[in-house]
Amino acid sequence: MSESPREPAPDPARLSIGVIAGPQGVQGAVRMSVWTQFPERIPTFRRVYLDDEPEPRRVRSARVQRGIAVLMLEGVETRDAADALRGTVVRIDRSQAAPLGEDEYYHFQLIGLDVVDEAGNRLGTLKEILETGANDVYVVRADDGTELLFPALKNVVLSVDLGERRIVVRPLVYED
């Protein structure tokens, strides 16, 4: 029985940039925990989506301070209205996303890719990306359910092929 080729994961129409943590003040401002790698862009956004709302909300003002964004959104006029949004994911249109450089990828493009070693041996599927500050760490789940961790370093992650849906890695060797 032949296996049909896997289709690439579709680009999402919207990208998550943060989650509302609670109200800020009494006039309807919300504090947003920032998820995006480009927090400096938040004050430039004029429209955002809350969860899966079909229509965007106008951003009346936005600022970022110490990893938290403070947003004033259309339709949110009171502290109670802002508090009701706690836990809401804030999204932007894909077209508003920052352009990436060479060999840079959005996490959604990598999650689900097959991971193989240099010899082509399947190691598993990329399930999660941990952001550690120094470098990301790829969490790969093997077919037997075990997890392998690979630092996202050029000498470890040798290539990413989105078309083939494959990442080639060179596992680190630790010697005693």
Side-chain angles (χ1 to χ4, degrees), residues 7-25 27-77 79 81-113 115 125-141 147 149-154 156-157 159-163 165-167 169:
E7 293 296 316
D11 283 358
R14 299 179 187 152
L15 299 178
S16 301
I17 62 167
V19 63
I20 295 176
Q24 173 79 27
Q27 297 183 339
V30 296
R31 285 178 310 160
M32 181 183 79
S33 296
V34 176
W35 291 348
T36 177
Q37 294 172 293
F38 306 100
E40 68 279 1
R41 292 178 50 91
I42 291 171
T44 69
F45 297 141
R46 296 293 154 237
R47 300 200 179 282
V48 296
Y49 293 86
L50 300 182
D51 280 336
D52 293 319
E53 287 183 344
E55 296 298 319
R57 301 263 186 135
R58 187 171 66 83
V59 178
R60 297 191 336 238
S61 69
R63 69 182 189 279
V64 179
Q65 56 192 39
R66 295 186 299 267
I68 296 289
V70 178
L71 310 173
M72 291 289 297
L73 302 171
E74 176 181 64
V76 184
E77 310 295 332
R79 182 176 181 85
D83 193 45
L85 293 174
R86 188 184 304 264
T88 299
V89 175
V90 179
R91 296 183 167 93
I92 59 170
D93 276 321
R94 176 82 163 89
S95 63
Q96 294 175 277
L100 297 178
E102 187 177 342
D103 294 330
E104 291 184 325
Y105 303 93
Y106 289 107
H107 289 183
F108 75 85
Q109 294 175 297
L110 301 175
I111 301 293
L113 296 186
V115 178
T125 303
L126 181 61
K127 291 296 181 186
E128 183 179 1
I129 299 173
L130 305 174
E131 296 180 42
T132 65
N135 55 267
D136 289 349
V137 174
Y138 292 177
V139 179
V140 176
R141 183 158 303 126
E147 289 186 344
L149 303 176
F150 296 98
L153 301 171
K154 286 193 179 287
V156 175
V157 179
S159 67
V160 174
D161 187 331
L162 296 178
R165 301 205 33 79
R166 182 175 61 196
I167 299 172
V169 299

Ignoring hydrogens and angles, write down the donor-acceptor pairs under 3.5 Å from the side chains of residues 59-73, residues two or more places apart or on other chains.
residue : atom : partner : partner atom : Å
Arg60   : NH1  : Leu73   : O            : 3.3
Arg60   : NH1  : Glu77   : OE2          : 3.1
Arg63   : NE   : Gln65   : OE1          : 3.3

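Partner of Thr36 under the side-chain contact (heavy atoms from CB on, under 4.5 Å) criterion, chosen from Val90, Ile42, Leu15: Ile42.
Between Val30 and Ala82, the closest heavy-atom pair is CG1-CB, 3.5 Å. Between Gly25 and Arg79, the shortest heavy-atom contact is O-NH1, 2.8 Å. Counting all heavy atoms, side chain and backbone alike, Asn135 lies closest to Pro151 at ND2-CB, 3.5 Å.
Salt bridge absent: Asp93 and Arg47 never bring a charged side-chain N and a carboxylate O closer than 4.0 Å.
Distance check, rounded to the nearest 0.5 Å: CD1 of Ile129 to CD1 of Ile111 gives 4.0 Å. From His107, atom NE2 reaches atom CG of Leu126 across 9.0 Å, with rounding to the nearest 0.5 Å. Rounding to the nearest 0.5 Å gives a distance of 5.5 Å between CD1 of Ile17 and CD1 of Ile92. The distance from atom CG of Asp103 to atom NZ of Lys154, rounded to the nearest 0.5 Å, is 4.5 Å. Once rounded to the nearest 0.5 Å, the distance linking CD of Glu128 with CZ of Arg141 reads 8.5 Å. Here the CD atom belonging to Gln24 is positioned 6.0 Å from the CZ atom belonging to Arg31, to the nearest 0.5 angstrom.
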| request: Kindly determine whether Leu85 and Val76 satisfy side chain to side chain contact (heavy atoms under 4.5 Å, CB included), including the steps that lead there. | output: CA-CA 9 Å; Leu85 293 174; Val76 184; 3.7 Å; yes
| task | Determine, step by step, whether Val140 and Phe150 satisfy the side chain to side chain contact (heavy atoms under 4.5 Å, CB included) criterion, reporting the C-alpha distance in whole Å, the side-chain angles of both residues, the deciding distance to 0.1 Å, and the verdict. | result | CA-CA 8 Å; Val140 176; Phe150 296 98; 3.7 Å; yes
| message | The test is side chain to side chain contact (heavy atoms under 4.5 Å, CB included); show your working for Leu50 and Arg91 and say whether it passes. | response | CA-CA 6 Å; Leu50 300 182; Arg91 296 183 167 93; over 6 Å; no
| said: Before you tell me yes or no, could you show the steps for Asp161 and Leu113 under side chain to side chain contact (heavy atoms under 4.5 Å, CB included), namely the whole-Å CA-CA distance, both residues' side-chain angles and the distance that decides it to 0.1 Å? | reply: CA-CA 9 Å; Asp161 187 331; Leu113 296 186; over 6 Å; no
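Using a 4.5 Å heavy-atom cutoff, the side chains of Leu100 and Tyr106 are in contact. Looking at heavy atoms from C-beta onward, Val157 lies in side-chain contact with Ile167 at the 4.5 angstrom threshold. Residues Trp35 and Val19 meet the side-chain proximity criterion, which asks for heavy atoms closer than 4.5 Å. Looking at Asp136 and Leu130, their side chains never come closer than 4.5 Å, going by heavy atoms from C-beta outward.
Around atom CD of Glu40, more than 12 heavy atoms belonging to other residues, nucleotides or ligands sit under 6.0 Å away. Within 6.0 Å of atom CD in Glu53, more than 12 heavy atoms from other residues, nucleotides or ligands are found, so the atom counts as buried in its surroundings. By the neighbour-count criterion of 12 heavy atoms within 6.0 Å, atom CZ of Arg166 is sparsely surrounded, having that number or fewer from other residues, nucleotides or ligands.
The ring-ring contact (aromatic ring centres under 6.0 Å, His included) check on Phe38 picks up nothing, with sequence neighbours excluded.
Remark: Arg14 qualifies as a cation-pi partner of Tyr49 under the 6.0 Å distance and 45° angle criteria applied to the six-membered ring.
Formation of a donor-acceptor pair under 3.5 Å by the Asp83 side chain with backbone atoms of Pro23 is not found in this model.
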